[in-house]
Amino acid sequence: MLSLSEYQNVISEEFSNLHIHKQPKNLYEPIDYILSLGGKRIRPVLTLLATDIFDGDYKKALPAAKAVEVFHNFSLVHDDIMDDAPLRRGHETVHEKWNINTGILSGDAMLILAYQYFEVYEPLIFQKLAKLFSKTALEVCEGQQYDVDFETRDDVTIPEYLKMIEYKTAVLLGAAMKMGAIVAATSEENADLIYNFGLNLGIAFQLQDDYLDAFGNPETFGKQVGGDIIENKKTYLYLKAIAFSNEKDKQQLLHLFSIQPNDNSDKIESVKTIFNTSGASKATQDAIAKYTEIAFETLEKMQISEDKKMVLRLFGEKLMNRNV
């Protein structure tokens, strides 16, 4: 087996050599552009890792890994249009560099290109990969719609929020790992278990992202701390604070989240105080630990060696070990 950094190097090399020289140029250039911006590329790495975990040849999983990464970037191109985001990974977003119509059409083409990567596999593997991919792609779209809907709703529940982050973020992590298991032709039980490992780790990761957005170290978090608060996003922290707060703090929180987005440090500190005093911060940390533990519990059920279970555990610990 390779180390995580070695898998990342393999994926980086694949994408550095991936240039689509096709016409019309204005359809394919934006695809080359977004795929060249890099990022952690954790999802395709997971596909390669899972293939090796189940004694497959990770090189055979490269087409599936590329499909996962191209799909992920397709979703980012369209998300950036919906959010009117100016930057992605420190560079202009596709719709800013070109225009909205190009962003929509190039994104559509990326989704189709992602499916084409599966065509190299023999029929049974192809069928399993395509079925999982279609299910996951639809769930990601559903998660994005839930997220959009929540912006204008004041009655979002904790179960609804957890479902949203499961669909928008976690299912693709689970699917990336299950694709590796499918390529390795392991048992259905193993394939389902590694899917659940990735899914629950993905939920924990997103909850931790919510927590770090409020309480992270600006020097290590990688983006503006308090951004969700400024944007009035109804995160797990916020929903727990609403549920746990006394009436006075609840009304203050509702008021603070009715203020139009602006860079208001007083607002950020006031909200964080309520998050702490209400017990929402502790509840969020407990939920992170819960979903991480659920992920690790699935490892014990997999029919793999203890060494390979440890590889997955260490990956999970590294993923969740971000500075606060």
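The chain is numbered in sequence order, starting from 1. Small disclaimer: the values here were computed from a predicted structure and weren't measured.
- Once rounded to the nearest 0.5 Å, the distance linking CD of Gln208 with OH of Tyr291 reads 15.0 Å.
- When the salt bridge (Lys or Arg N to Asp or Glu O under 4.0 Å) test is applied to Asp155, the partners found at least two apart in sequence or on another chain are Arg153.
- Residues in residues 184-197 take part in these salt bridge (Lys or Arg N to Asp or Glu O under 4.0 Å) pairs, two or more places apart or across chains: Lys178-Asp192.
- A distance of 12.0 Å separates OH in Tyr33 from CG in Asn73, rounded to the nearest 0.5 Å.
- Within a 6.0 Å sphere centred on CE of Met1, heavy atoms belonging to other residues, nucleotides or ligands number more than 12.
- Counting heavy atoms from C-beta outward, Met110 and Leu35 have side chains that approach closer than 4.5 Å.
- Looking at heavy atoms from C-beta onward, Phe74 lies out of side-chain contact with Ile34 at the 4.5 angstrom threshold.
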Are Ser281 and Asn276 close enough, and set up right, to give a side chain to side chain donor-acceptor pair (under 3.5 Å), and what steps lead you there? CA-CA 5 Å; Ser281 300; Asn276 281 328; 2.8 Å; yes
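- A salt bridge does not link Glu293 with Lys290: every distance from a Lys NZ or Arg NE/NH1/NH2 to an Asp or Glu carboxylate oxygen is 4.0 Å or more.
- Here the side chain of Asp83 pairs no donor or acceptor atom with the backbone of Ala85 at under 3.5 angstrom.
- Ion pairing between a basic and an acidic side chain is recognised when a charged N comes within 4.0 Å of a carboxylate O; Lys66 and Glu14 show such pairing.
- A salt bridge links Lys282 with Asp286: the distance from a Lys NZ or Arg NE/NH1/NH2 to an Asp or Glu carboxylate oxygen falls below 4.0 Å.
- With respect to Lys272 and Glu269, a salt bridge is recorded, a charged nitrogen being found less than 4.0 Å from a carboxylate O.
- Not counting sequence neighbours, the partners of Glu139 by the salt bridge (Lys or Arg N to Asp or Glu O under 4.0 Å) test are Lys135.
- By the 4.5 Å heavy-atom criterion applied to side chains, Arg43 and Leu172 are counted as neighbours.
- Here Asp210 does not pair with Lys234 in a salt bridge; the nearest charged N to carboxylate O distance is not below 4.0 Å.
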